[in-house]
Amino acid sequence: MPELSHRRRMLVLAICCMSLLIVSLDNTVLNVALPSMQQDLHAGTSGLQWTIDAYTLVLASLLMLAGSTADRIGRKRVFMAGLVVFTVGSVLCSLAPNLEALIAFRMVQAVGGSMLNPVAMSIITNTFTDPRERARAIGAWGAVVGISMAAGPLVGGLLVDSVGWRSIFWINLPVGLAALLLTLRFVPESRAPRARRPDPVGQLLVIVLFGSLTYAIIEAPSTPFRSVAPLAFVALAALAGLLVYEPRRKEPLIDLRFFRSAPFSGATVIAISAFAALGGFLFLSTLYLQNVRGLSALEAGLWMLPMAVPTFLCAPLSGRLVGTLGPRLPLLIAGFAMTTSGVLFAAFEAETSNATLFAGYVLFGIGFGFVNAPITNTAVSGMPRAQAGVAAAVASTSRQLGQTLGVAVVGAVLASGVGSSSYREAFVSAARPGWWILVVCGVAVLALGAVTSGRWARGTAERTAQRLEPAEVRQTVGASG
């Protein structure tokens, strides 16, 4: 990729952020619309889980394929294809006649979404080559999540209350088309000098692993154990297959050698934990505010602002801290804030009081705002720049897998606790185990942030780099500064 002027780099960053905006906005808007969709489509808790997890599951399964494909055939080309498919999928979702069709069209959306975030991040990585400038760009990228969390509930609430839940998918059309035209005009094409070959067996094993595990978790409360147990064994077999097969390939879909780096492995597990907390938090909050408190979609959206605004404000601050001090401090702040928020709900029933509900939302927003930049920066810096698409895809896959598991596990716990009772009668007690799960996720972020960002961890990263091919070693060192 040719060296771009500062103004052109900022324009490329803005265009890439537009793709993140429509994907993030789609998730936050959808959460506000869940109760309306539940009534209109006659869906149970598992049906609501699938409207979210069908998307994140396909996304998590295809992200690494999309990243490596973009490295091979051209990042701009794949990015534009993703914008087209995502926009078309949004139109189809707005026309879905029933729950099954909506879930299928959400999967179409996810195919397009898999070509957006990791590819956009690889474009950013190759555009911003200075480590500090790249960390700040990633901080701005993370702030877009805050914007979507702030705007999504409000816009979604207005649309659901005034037009209906189908209209929430319309907002993707103007943003998607604008991003497509701007990409065509201003984003330069780039690809890896030597991209990885396709790995169809590894890709199939990833799909089987994620799909069987998610299905088993979501359906466990309403399905006999003898029907769910085989899926758990399938997931374990797929995991074993990945661990055995991938190291034998010269160019695997998932290069397991990079997990020898403590910062990279830590960033991966932190991403899963943080986004599992986010998925579970949004799922529980939305159902509580509308089905228990009886708020409208717009009123529920307003209640989400205490979480969204801190996320928006803290994300760029986190990026600057990562660029100047490293990832340790932002991760410690994130873990502490998310853990404290979870404890308020799990131990003190924060949702039953306006003051504690507000405090819990603010704390979670602060924690989530600080966690994004160190995850992305560590993952991208810990892998060769020539494989930027794969690096970004691993980080994005961890996020989507975490959100998928968060919604699946917390939703399953809630469904088991509620049973045949109404949400209004049983929600607080049924949701308590789910809140404790979110506490565990926060503790994982805090502990791993402390352990994997220290001097010992950096030493493992250096030793891992020395084991890589000579060309990749040079690129990795150059990327991490």
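Residue numbers count from 1 along this sequence.
Here the side chain of Ser318 pairs no donor or acceptor atom with the backbone of Cys314 at under 3.5 angstrom. Judged by distance alone, the side chain of Arg106 and the main-chain N or O of Thr51 form a donor-acceptor pair under 3.5 Å. Under a 3.5 Å cut-off, the side chain of Arg328 and the backbone N or O of Ala450 do form a donor-acceptor pair. A donor-acceptor pair is defined here as one N or O able to donate and one able to accept, closer than 3.5 Å; no such pair exists between the side chain of Thr356 and the backbone of Thr352. The backbone N or O of Ala96 sits less than 3.5 Å from a side-chain atom of Arg166, completing a donor-acceptor pair. Between the side chain of Ser167 and the backbone N or O of Gly164 there is at least one donor-acceptor pair closer than 3.5 Å. In this structure a side-chain-to-backbone donor-acceptor pair under 3.5 Å is missing from Ser398 to Ile272. At least one donor-acceptor pair closer than 3.5 Å links the side chain of Gln203 to the backbone N or O of Ser61. Formation of a donor-acceptor pair under 3.5 Å by the Arg432 side chain with backbone atoms of Glu349 is not found in this model.
Between Phe368 and Phe364, the two ring planes are parallel [angle under 30°; tilted spans 30° to 60°]. Ring planes of Trp50 and Tyr215: tilted class, angle from 30 to 60°. Classification of the Trp435-Phe345 ring pair by plane angle, with boundaries at 30° and 60°, yields parallel.
Within the model, atoms CD1 of Ile15 and CG of Leu20 stand 14.5 Å from one another, a figure rounded to the nearest 0.5 Å. Expressed to the nearest 0.5 Å, how far OG1 of Thr127 lies from CZ of Arg8 amounts to 9.5 Å. Rounding to the nearest 0.5 Å places CD1 of Ile375 at 13.5 Å from CZ of Phe370. To the nearest 0.5 angstrom, Glu133 atom CD is 11.5 Å from Ile124 atom CD1. In this structure, OG1 in Thr183 is found 6.5 Å from CE in Met80, a value given to the nearest 0.5 Å. Separating the OG atom in Ser341 from the OH atom in Tyr361 is a distance of 9.0 Å, to the nearest 0.5 Å.
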side-chain contact (heavy atoms from CB on, under 4.5 Å) between Met338 and Phe281, worked out: CA-CA 10 Å; Met338 295 174 77; Phe281 192 96; over 6 Å; no

Test side-chain contact (heavy atoms from CB on, under 4.5 Å) applied to Leu177 and Leu181, step by step: CA-CA 6 Å; Leu177 291 174; Leu181 295 174; 5.5 Å; no

Go through the steps to decide whether Leu59 and Gln403 satisfy the test side-chain contact (heavy atoms from CB on, under 4.5 Å), and finish with yes or no. CA-CA 11 Å; Leu59 201 63; Gln403 192 163 350; over 6 Å; no

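Using a 4.5 Å cut-off on side-chain heavy atoms (C-beta onward), Asp26 and Phe169 make contact. Two residues are said to be in side-chain contact when any heavy atoms from C-beta on lie closer than 4.5 Å; Val292 and Leu287 fail this criterion. By the 4.5 Å heavy-atom criterion applied to side chains, Ser285 and Met304 are counted as neighbours. Counting heavy atoms from C-beta on, the side chains of Phe283 and Ile52 come closer than 4.5 Å. Contact of the Phe348 side chain with the Val343 side chain is registered, since non-hydrogen atoms from C-beta on lie closer than 4.5 Å. Between Tyr55 and Met107 the shortest side-chain heavy-atom distance does not fall below 4.5 Å. Here the side chains of Phe86 and Leu116 are in contact, with some heavy-atom distance below 4.5 Å. Proximity of Leu331 to Leu448: side-chain heavy atoms (C-beta onward) are nowhere separated by under 4.5 Å.
Checked options Leu173, Leu180, Val175; the residue passing with Thr87 is Leu173 (criterion: side-chain contact (heavy atoms from CB on, under 4.5 Å)).
The two residues Thr404 and Thr214 have their closest heavy-atom pair at CG2-OG1, 3.4 Å. Here the closest non-hydrogen pair linking Leu284 and Leu414 is CD2-CD2, 4.0 Å. Across every non-hydrogen atom of Ser19 and Leu83, the tightest pair is CB-CD2, 4.4 Å. Between Gln290 and Val32, the shortest heavy-atom contact is NE2-O, 2.8 Å. The nearest pair of heavy atoms linking Gln400 to Ala60 is CB-CB, 3.8 Å. Among all heavy-atom pairs drawn from Trp165 and Cys93, the shortest one is CZ3-O, 4.2 Å.
Within a 6.0 Å sphere centred on CZ of Arg9, other residues, nucleotides and ligands contribute more than 12 heavy atoms. Environment of CZ in Phe128: crowded, with over 12 heavy atoms of neighbouring residues, nucleotides or ligands closer than 6.0 Å.
Using a cutoff of 4.0 Å between basic side-chain nitrogens and carboxylate oxygens, Arg293 and Glu299 are not scored as salt-bridged.
Every side chain to side chain donor-acceptor pair (under 3.5 Å) that Ser90 has, sequence neighbours left out, goes to Gln109, Asn172. In terms of the side chain to side chain donor-acceptor pair (under 3.5 Å) criterion, residue partners of Thr45 (sequence neighbours excluded) are, by chain and number, Tyr423.
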